[in-house]
**Q** 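Sharing a structure here in structure tokens format.
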Amino acid sequence: MTTNSNDDSTATPQEPSAQPSASAPHSLDSQQPAGRRRLSNATKVAYAVAIVSSLTAAILSPLGEHLLNRMLEEPTCPGEACEGKNPGRQGCDEDARTFKPATGNPAVLQLRYSEECQAVWAKIEHGGKGDLVTVEVSGGTKRAAEINYGDDQYTPMVHVGDDEFEVSACAVPKAGGAGMYEYYCIHGTEATAWR
């Protein structure tokens with residue numbers, strides 16, 4: 001009996017090709033970047049949160065608050081709202097004028113006055129650690145600040161209104177400190193020659 005070699009009835013069925021189709025490498029690659037995409041998206045979210053947090057912290061910092069006030073070009077606390085606040089952070093130093101006696105002022109004590117903020121504060125430029133600088137409105141409040149480092153310091157503001165006022169600033173050397181001056185004060189009014 002002869003077998004016909006062309007007879008397909010006894011032929012073993014062909015197994016599907018083990019080689020991946022043209023789309024297989026793409027599907028394998030697409031699975032891996034998906035994981036990377038998730039990591040990448042998580043990283044992007046983390047970066048976004050970090051950037052927003054940094055910007056928020058910068059704006060809320062004293063420097064950021066000062067820069068924001070400068071952009072607004074208006075003090076944030078005119079009048080009684082300035083009482084006890086930092087003049088730099090409130091933008092009150094933008095229009096401030098100074099009274100600083102040229103002689104007999106070894107600690108370079110000065111009064112600063114912002115008409116727009118209706119406030120005054122005192123500043124000492126040549127003090128020493130532990131020295132105090134004070135400012136007081138006649139019939140009003142008194143504020144003080146201590147030099148913690150360096151040789152200068154300024155007080156918080158005192159409200160003076162937009163009428164007549166009398167203020168005094170004093171430099172108070174720390175007992176036994178390095179200060180080369182004695183306790184002394186200067187006085188000013190709305191009519192002082194503010195510069």
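Just the heavy atoms: all of them, side chains too, but no hydrogens, waters or symmetry mates, feed the values below. If you read the sequence from its start, that first residue is 1, and numbering goes on from there.
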**Q** Could you check whether any side-chain heavy atom of C92 comes within less than 4.5 Å of a side-chain heavy atom of M157, counting everything from C-beta outward?
**A** yes
**Q** Does atom CD (E166) have a neighbourhood of more than 12 heavy atoms from anything else shown, all under 6.0 Å?
**A** no
**Q** Distance from T192 atom OG1 to H187 atom NE2, nearest 0.5 Å?
**A** 10.5 Å
**Q** Show your working on side chain to side chain contact (heavy atoms under 4.5 Å, CB included) between K142 and T134 and close with a plain yes or no.
**A** CA-CA 7 Å; K142 180 177 183 176; T134 67; 4.1 Å; yes
**Q** Apply side chain to side chain contact (heavy atoms under 4.5 Å, CB included) to I186 and list each qualifying residue two or more places apart in sequence or on a separate chain.
**A** F99, P101, L109, L111, A169
**Q** Please round to the nearest 0.5 Å and tell me the distance separating atom CG of D93 and atom NZ of K123.
**A**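 Nearest 0.5 Å value for the CG-NZ distance: 9.5 Å.
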**Q** Group every Ile, Leu, Val, Met, Phe, Trp and Tyr by side-chain heavy-atom contacts under 4.5 Å, then state whether V135 and V160 land in the same group.
**A**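 Same cluster: V135 reaches V160 through Ile, Leu, Val, Met, Phe, Trp or Tyr contacts under 4.5 Å.
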**Q** Can you tell me how far CD of E80 sits from SG of C117, rounded to the nearest 0.5 angstrom?
**A** 13.5 Å
**Q** Would you confirm whether T155, through its side chain, and A122, through its main-chain N or O, come within 3.5 Å as a donor-acceptor pair?
**A**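 Looks like yes, one N/O pair under 3.5 Å.
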**Q** For D95, which residues count as a side chain to side chain contact (heavy atoms under 4.5 Å, CB included) partner, sequence neighbours excluded?
**A**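 S114, E115, E116.
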**Q** Distance from H126 atom NE2 to D152 atom CG, nearest 0.5 Å?
**A** 8.5 Å
**Q** Please report the interatomic distance OH(Y154) to CD1(I147), rounded to the nearest 0.5 Å.
**A** 13.0 Å
**Q** Without swapping roles, check the side chain of N105 against the backbone of V108 for a donor-acceptor pair under 3.5 Å.
**A**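 A pair under 3.5 Å: yes.
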**Q** For A145, does its backbone N or O pair with a side-chain atom of Q153 as donor and acceptor, under 3.5 Å?
**A** no
**Q** Should V137 and V120 be regarded as members of a common hydrophobic cluster, given that ILVMFWY residues are connected when their side-chain heavy atoms come within less than 4.5 Å of each other, either directly or indirectly?
**A**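 Both belong to a single hydrophobic cluster.
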**Q** If you define the side chain from C-beta out and look only at heavy atoms, does anything of C170 sit under 4.5 Å from Y183?
**A**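 A side-chain contact exists here, since the closest heavy-atom pair is under 4.5 Å.
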**Q** Please check if V172 and V158 belong to a single hydrophobic cluster, counting links between Ile, Leu, Val, Met, Phe, Trp and Tyr side chain heavy atoms closer than 4.5 Å.
**A** no
**Q** In terms of side-chain heavy atoms, does E125 have a donor or acceptor partner in Q110 at a distance below 3.5 Å?
**A**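 Judged by distance alone, the side chains do pair up.
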**Q** In the single-linkage hydrophobic clustering (I, L, V, M, F, W, Y; side-chain heavy atoms under 4.5 Å), do Y184 and I124 co-cluster?
**A**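 The answer is yes; both residues are in one hydrophobic cluster.
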**Q** Assess the side chains of T141 and E83: does a donor N or O sit below 3.5 Å from an acceptor N or O?
**A**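 The answer is yes; a qualifying pair exists.
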**Q** Just by distance, with hydrogens left out, do R112 and T98 show a side-chain donor and acceptor under 3.5 Å apart?
**A**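 Present: a donor and an acceptor within the cut-off.
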**Q** Measure from the side-chain N and O atoms of H159 to the backbone N and O of Q118, and report whether any donor-acceptor pair falls under 3.5 Å.
**A** yes
**Q** When the aromatic ring centroids of Y113 and W194 are compared, is their separation below 6.0 Å?
**A** yes
**Q** Using a distance-only test with no angle check, is there a side-chain donor-acceptor pair under 3.5 angstrom linking D131 and Y181?
**A** yes
**Q** Rounded to the nearest 0.5 Å, how far apart are CD of E190 and CD of E164?
**A** 5.0 Å
